[in-house]
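Each ligand, and each atom within it, is numbered from 1 in the order the structure gives.
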Amino acid sequence: MQHPIIFVTGTDTDVGKTFVSTLLVHKWEANYWKPVQTGIESDEGDSATVSKAECGLPWKPEIYAPRYELLKPLSPYKAMDYEPEVDIRLSDFEIPKGSDSAPLIVEGAGGVFVPLTRNLETMTDLMKKLAEKQNRPFKIIVVARSGLGTLNHTLLTISHLQSVGLSEHIMGVIVNGEKNAENVQVFKDYGLTILAEVDKSESAAAATRFIPPLCQLLK
Ligand SMILES: C[C@@H]1NC(=O)N[C@@H]1CCCCCC(=O)O
């Protein structure tokens, strides 16, 4: 089987995409790529966070460098206002060469409708671009908060992915935060697949237990 590409998006910024990506990297012995990182004037970036994670697990992931890194902690579209020499284009993004020896976790910036290019293309357009012409399975995981407000954000995110033709790629939702069985039940009522419930207050090593084996999910 070809190793899959798993794009980790979220219902918002700061919902725990990097925490979940780290769990997936170790649980599934995957490599990691953040195509666009913003905010590097004040933050070392998500690639550094993933590479430093002490999961107590033996896997040492390959971390591929972002295609674009921007200084301001803004959407890529707005961050480019401060760096006019940068012009993000969808055609510049290619899955890193040699990354097919293991699953690849690709982490987006913010949520699905975050503006990315000067033409107002969004993170969803990047997903569509990366999903095209791959001889590897391309899957999308949505990281959602567990608590109040998540129903609207999560259902909107899934509805958007469906409306742009990405339904077949949606693998499911990982719910992050204090356990909330009622919200999880509502997601299930809407037919969503809940892949795992994790809590960023747990150690990454402990939380990887709650994520199912990848091969089972890809069937
Ligand atoms: C600063 C953070 N760096 C990054 O790579 N993602 C964040 C940026 C998220 C942008 C969210 C825009 C919005 O939805 O308003």
Side chains of Thr18 and Glu107: is there a donor and an acceptor less than 3.5 Å apart?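 Yes.
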Pair Ser201, Asp199: side-chain N/O donor-acceptor within cut-off below 3.5 Å: yes
Atom 11 (C) of ligand 1: nearest protein contact (heavy atom, Å): Val114 CG2, 4.0 Å
Can you report which non-hydrogen protein atom sits closest to atom 6 (N) of ligand 1, along with the distance?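 Minimum-distance protein heavy atom for atom 6 (N) of ligand 1 reads Ala109 CB, 3.7 Å.
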Per-residue contact class, Thr38 against ligand 1 - non-hydrogen pairs under 4.0 Å: both
At the 4.0 Å heavy-atom cut-off, does Lys34 count as touching ligand 1? yes
Given the ring of Phe19, does Lys200 sit roughly above its face, with NZ or CZ under 6.0 Å from the centre of the six-membered ring and within 45° of the axis?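 Ring-cation test returns no.
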For Thr13, take its heavy atoms, then give the atoms of ligand 1 lying under 4.0 Å from any of them.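 This gives 7 (C), 9 (C) as the contact atoms.
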Atoms of ligand 1, numbered as shown, that sit under 4.0 Å from any heavy atom of Pro73: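 That gives atoms 1 (C) of ligand 1.
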Start with the C-alpha distance between Ile88 and Leu70, add both sets of side-chain angles, then the distance that settles side-chain contact (heavy atoms from CB on, under 4.5 Å), and finish with yes or no. CA-CA 10 Å; Ile88 298 176; Leu70 290 133; 3.8 Å; yes
One thing to verify: whether Arg145 and Glu178 come together as a salt bridge, which I'm taking to mean a side-chain N less than 4.0 angstrom from a carboxylate O. no
Is atom 15 (O) of ligand 1 close to the protein, meaning a heavy atom under 4.0 Å from it? no
Which is closest to atom 10 (C) of ligand 1 by heavy-atom distance: Gly108, Ser75, Pro76? Ser75
Approximate separation, where rounding is to 0.5 Å, of Met123 CE and Ser75 OG: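 The distance works out to 11.0 Å.
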